[in-house]
Amino acid sequence: MSKIPVGVLGATGMVGQNYISLLNNHPWFQVAYIAASARSAGRTYEQAVKGRWHLRRGYNAETGALIVQDANDVAKAGEAAAKGGLAFVFSALEMDKDEILKLEDSYAAAGIPVVSNASANRWTADVPMLIAEINPHHADIIPLQQKARGWKKGFIAVKPNCSIQSYMTPIWALMQKGYEIKRMVVNTMQAVSGAGYPGVSSLDMIDNIVPYIGGEEEKSELEPLKILGQIKDGKIEQAKEPVISAHCNRVPVTDGHTATVSLEFGAKKPSLDEITAIWRNFRAAPQELGLPMAPDEPIVVRNEQNRPQPSKDRDAHKAMAVTVGRLRPCPVFDVRFAGLSHNTVRGAAGGGILNAELLKAKGYLGL
Ligand code: NAP
């Protein structure tokens, strides 16, 4: 199979660099189009990221030689697509929300599907917000989205906020087995890389914790309800439960968002042993479809009292697994646990690539 040519919008940023390095030698996708702001446009990728490459992983010479395009120049991307040199784009842009909305719409209208990390389209009612292990069926809204907008080949699919899968995948595994979750309290401890580069000032982060991340608590409380929702009348209708109370903190960790969670079940309550067994045995669409970026074990259960920890657990299964631990009774709700996932891989570029693989497997992406 010849590889599918893909583009990365925002390729020079923190998430964009993760896309570029994770797509090195991808079995299905080949980076063929790179775009960022007008500041980077016209330079080779190597020149554009010189002195601001943030990762230990690198990029290949072919990608380094690509000329960075202006992401606002949709006509240029359209020309590449018309010549068969671009099948879809990953969007990792950081700019004004309304500008991203307009731009992602323009790509989709030009026949170029957009798999996005940006928050701009997360609340667009006919745009699926995918965690491939939880709601792969939400991809079924894509033909309805295309019909409503008059788009032939283009569409928009997004992924949620970077901290959510560290607790939503374990919670979904329990819900899927018939255990309703009524209410939950989640406390997130989020890494500095989640704020992009240069991100939070070092004077705010060294020897410190900041108990506020703008907009993050609202996202943590509401996005899970869309993910758990159902397609109805061409829109995704939100679930009503669980009711979530979130506390989001920025902590001096480079990568890896940790969440401590207390859960209240409905009438049917699983034992701690049942929860552990459900988590260990959990497999979902990415594993069943054999998607290249899928973790073999989506939920890794650690028994040690002092795990998960970001520096030790964030890279589990290609940094795509969620690691859980500290499962124990909760004197206020029913149970409590800690969850961890890599924010710029699983929570950003890796999660986006997995979504694209899912969409390809479902027949929505390709030339
Ligand atoms: P970042 O490091 O600031 O990178 C921003 C990218 O957008 C750069 O490539 C930049 O190009 C480009 N850009 C900025 N202004 C532009 C403009 N006016 N026109 C075109 N391109 C422009 O941001 P990031 O942390 O990678 O985040 C990217 C997106 O992913 C954001 O929407 C963010 O909310 C989302 N996200 C981030 C994380 C995370 O863990 N960091 C997780 C999930 C989602 P230049 O280099 O040329 O300026």
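We count ligands from 1, going down the list as the structure has it; atoms in each ligand are counted the same way.
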Note to self: Using a 3.5 Å cut-off on N or O atoms only, is Gly13 in polar contact with ligand 1?
What the structure shows: yes
Check: If you count the atoms of ligand 1 from 1 in the order shown, which ones are under 4.0 Å from a heavy atom of Ala348?
Finding: 42 (C), 43 (C)
Notebook entry, point to check: Just which atoms of ligand 1 are under 4.0 Å from any heavy atom in Ala36?
Noted result: 9 (O), 11 (O), 20 (C), 21 (N), 47 (O)
Check: So which protein heavy atom does atom 26 (O) of ligand 1 come closest to, and at what separation?
Finding: Val15 N, 2.7 Å
Note to self: Tell me whether the rings of Phe29 and Phe90 are parallel (<30°), tilted (30 to 60°) or perpendicular (>60°).
What the structure shows: perpendicular
Note to self: Among all the protein's non-hydrogen atoms, which is closest to atom 2 (O) of ligand 1, and how far away is it?
What the structure shows: Met14 N, 2.9 Å
Next item on the list: Could you tell me the residue and atom name of the protein heavy atom closest to atom 31 (C) of ligand 1, and the distance to it rounded to 0.1 Å?
Entry: Leu93 O, 3.3 Å
Check: Would you say Lys159 touches ligand 1, if touching means a heavy atom closer than 4.0 Å?
Finding: no
Next item on the list: Determine whether Pro170 and Phe337 make a side-chain contact, defined as any pair of heavy atoms from C-beta on separated by less than 4.5 Å.
Entry: yes
Next item on the list: Determine whether the side chain, the backbone, both or neither of Gln69 has a heavy atom under 4.0 Å from any heavy atom of ligand 1.
Entry: neither
Notebook entry, point to check: Near Cys162, which atoms of ligand 1 are under 4.0 Å from a heavy atom of that residue?
Noted result: 42 (C), 43 (C)
Notebook entry, point to check: Does a side-chain N-to-carboxylate-O contact under 4.0 Å join Asp296 and Lys318?
Noted result: no
Notebook entry, point to check: Hey, looking at atom 7 (O) of ligand 1, which of Glu94, His342, Lys219, Glu99 has the closest heavy atom?
Noted result: Glu94
Next item on the list: Tell me whether the centres of the aromatic rings in Trp151 and Tyr107 are closer together than 6.0 Å.
Entry: no
